[in-house]
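The structure appears right after this line, and notes come after that.
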Protein chains: 2
Amino acid sequence: MTGGSQHRQAEAGKRYDVFHTDCLARDVVDHVTSRWGIWVLISLRSNSLRFYELRESIQGISEKMLAQTLRALVQDGLVWRTVEPTTPPQVTYGLTEFGQDVGEPLTELFDRITRRLSAPGAG
Amino acid sequence: MTGGSQHRQAEAGKRYDVFHTDCLARDVVDHVTSRWGIWVLISLRSNSLRFYELRESIQGISEKMLAQTLRALVQDGLVWRTVEPTTPPQVTYGLTEFGQDVGEPLTELFDRITRRLSAPGAG
DNA sequence: CGGCATCCTCGATGATACTG
DNA sequence: CAGTATCATCGAGGATGCCG
């Protein structure tokens with residue numbers, strides 16, 4: 001990730017027309033709907049998970065992309081992160097209120113898709 | 001990504017099958033949450049649109065990507081396409097029932113994000 | 001265990017030009 | 001208007017290795 005971006009605040013210059021490239025929300029939507037973002041968010045809906053638990057539950061994701069995706073989501077305020085200073089370290093991720101807010105329609109989205117594709121005569 | 005065609009059952013509270021690379025729904029989810037897919041679907045929610053109308057409403061999209069995205073969505077059964085054999089040709093796109101079904105949580109998703117980012121003290 | 005840094009590949013994306 | 005075809009590129013993403 002390009003880094004540096006902290007918690008995103010409403011900037012005066014930015015618009016809220018998501019269809020506009022210069023839109024604040026578009027960045028967040030891009031993260032949420034990024035290749036791995038959606039799966040991370042959905043994974044964390046039921047309960048908080050450790051790094052390796054996430055890695056194992058999301059088939060095909062690399063550690064690099066998991067870390068990168070998590071960082072973006074944390075920066076966007078969708079995911080929180082706690083570090084237990086044990087040995088070995090223990091890092092846990094979970095959804096913030098905002099994250100849960102976003103996770104709901106996301107789950108609904110893929111539920112509907114799954115339901116549709118499993119339905120007899122579909123596709 | 002075109003591998004498996006088996007439909008598996010989702011276990012409540014457990015990992016969903018979509019987390020596996022060989023899941024049918026994953027392809028569709030990938031299309032829906034592709035860079036432009038989400039905007040196309042949201043654009044078409046209110047009413048059907050012509051090709052150039054879509055191009056103009058979604059800032060930053062190229063004709064190639066629009067055509068490509070639309071083709072994928074049509075194949076997935078989310079979008080329908082009609083051609084009026086006039087001169088010049090007139091092609092219209094709209095949401096199928098499935099598309100509307102999917103568009104709803106999608107709109108809800110980005111509504112929540114927008115709302116959150118516009119909220120005072122947000123971020 | 002968690003997670004950076006580095007290198008490298010490949011495919012998504014974009015620009016351009018052409019067709020019906 | 002609504003595409004399609006071709007080519008160039010850019011960066012997401014994967015593999016590997018090192019560190020606290």
Side-chain angles (χ1 to χ4, degrees), chain A residues 1-5 19-22 26-40 43-44 48-76 79-94, chain B residues 1-3 19-22 26-40 43-44 48-76 79-94:
Chain A
M1 198 98 317
T2 41
S5 55
F19 289 76
H20 204 277
T21 46
D22 170 28
R26 191 151 166 174
D27 295 340
V28 178
V29 172
D30 276 350
H31 292 158
V32 169
T33 64
S34 71
R35 176 150 179 212
W36 303 111
I38 178 174
W39 308 120
V40 169
S43 294
L44 292 175
S48 307
L49 293 172
R50 304 263 308 272
F51 186 86
Y52 78 93
E53 291 176 316
L54 276 168
R55 179 182 8 95
E56 284 166 14
S57 76
I58 305 172
Q59 202 201 36
I61 195 172
S62 67
E63 299 199 346
K64 175 188 166 183
M65 292 319 297
L66 178 54
Q68 189 172 305
T69 302
L70 283 168
R71 223 180 309 141
L73 295 177
V74 167
Q75 279 183 345
D76 289 338
V79 170
W80 52 256
R81 182 190 122 119
T82 357
V83 183
E84 301 276 341
T86 58
T87 313
Q90 194 164 314
V91 184
T92 309
Y93 296 89
Chain B
M1 216 49 171
T2 349
F19 287 70
H20 288 268
T21 45
D22 68 342
R26 191 149 166 174
D27 294 340
V28 177
V29 172
D30 276 350
H31 292 158
V32 168
T33 65
S34 72
R35 176 148 179 213
W36 302 112
I38 178 172
W39 308 120
V40 168
S43 294
L44 291 177
S48 308
L49 293 172
R50 304 264 306 273
F51 186 87
Y52 79 95
E53 291 176 316
L54 276 169
R55 178 180 9 93
E56 283 166 15
S57 75
I58 304 174
Q59 203 204 32
I61 195 172
S62 66
E63 298 198 347
K64 175 186 165 184
M65 290 319 298
L66 178 54
Q68 190 172 306
T69 302
L70 283 169
R71 225 178 307 140
L73 295 178
V74 168
Q75 275 186 345
D76 288 339
V79 170
W80 52 256
R81 182 190 122 118
T82 359
V83 184
E84 300 277 340
T86 59
T87 313
Q90 195 166 314
V91 184
T92 309
Y93 295 90

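Just so you know, these numbers come straight off a predicted model, no measurement behind them. Residue numbers begin at 1 in each chain, while the letters A, B, ... track the order of the sequences.
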Is there side-chain contact between [X] and [Y], with at least one heavy-atom pair below 4.5 Å?
| X | Y | value |
| --- | --- | --- |
| Leu44(A) | Leu54(A) | yes |
| Leu73(B) | Tyr93(B) | no |
| Trp39(A) | Ile61(A) | no |

[X] side-chain N/O to [N] phosphate OP1/OP2 under 4.0 Å:
| X | N | answer |
| --- | --- | --- |
| Arg50(B) | dC1(D) | no |
| Arg35(B) | dG14(C) | yes |
| Arg71(A) | dC4(C) | yes |
| Tyr93(B) | dC1(D) | no |

Whole-Å gap separating [atom2] ([N]) and [atom1] ([X]):
| X | N | atom1 | atom2 | value |
| --- | --- | --- | --- | --- |
| Arg81(B) | dC1(D) | CZ | C1' | 12 Å |
| Asp30(A) | dT13(C) | CG | P | 11 Å |
| Glu63(A) | dC1(C) | CD | P | 10 Å |
| Ile61(B) | dA12(C) | CD1 | C1' | 13 Å |
| Leu70(B) | dT4(D) | CG | P | 10 Å |
| Leu66(B) | dA12(C) | CG | P | 17 Å |
| Phe51(A) | dC19(D) | CZ | P | 19 Å |
| Gln59(B) | dG14(C) | CD | P | 12 Å |

For the side chain of [X], counting heavy atoms from C-beta on, which of [options] is nearest?
| X | options | answer |
| --- | --- | --- |
| Ser62(A) | dG14(D), dG14(C), dG3(D) | dG14(D) |
| Met65(A) | dG2(C), dA2(D), dG14(D) | dG14(D) |
| Gln68(B) | dC1(C), dT13(C), dA2(D) | dT13(C) |
| Pro89(A) | dG20(D), dG3(D), dC1(D) | dG20(D) |

- Could you tell me whether the side chain of Lys64(B) has a donor or acceptor atom within less than 3.5 Å of a complementary atom in the base of dT13(C)? yes
- Note on the structure: Taking every heavy atom of Pro85(B) against every heavy atom of Val83(B), the minimum-distance pair comes out as CD-O, 3.5 Å
- Task: Would you indicate what Arg55(B) reaches in the nucleic acid, counting non-hydrogen atoms under 4.0 angstrom: base, sugar-phosphate, or nothing?
- Result: nothing
- Message: On DNA chain D, does the nearest nucleotide to Glu56(B) precede the nearest nucleotide to Ala67(B) from the 5' side, or the other way round? Give the residue.
- Response: Glu56(B)
- Item | From Gln90(A) atom CD to Tyr52(A) atom OH, the distance as rounded to the nearest 0.5 Å | 7.5 Å
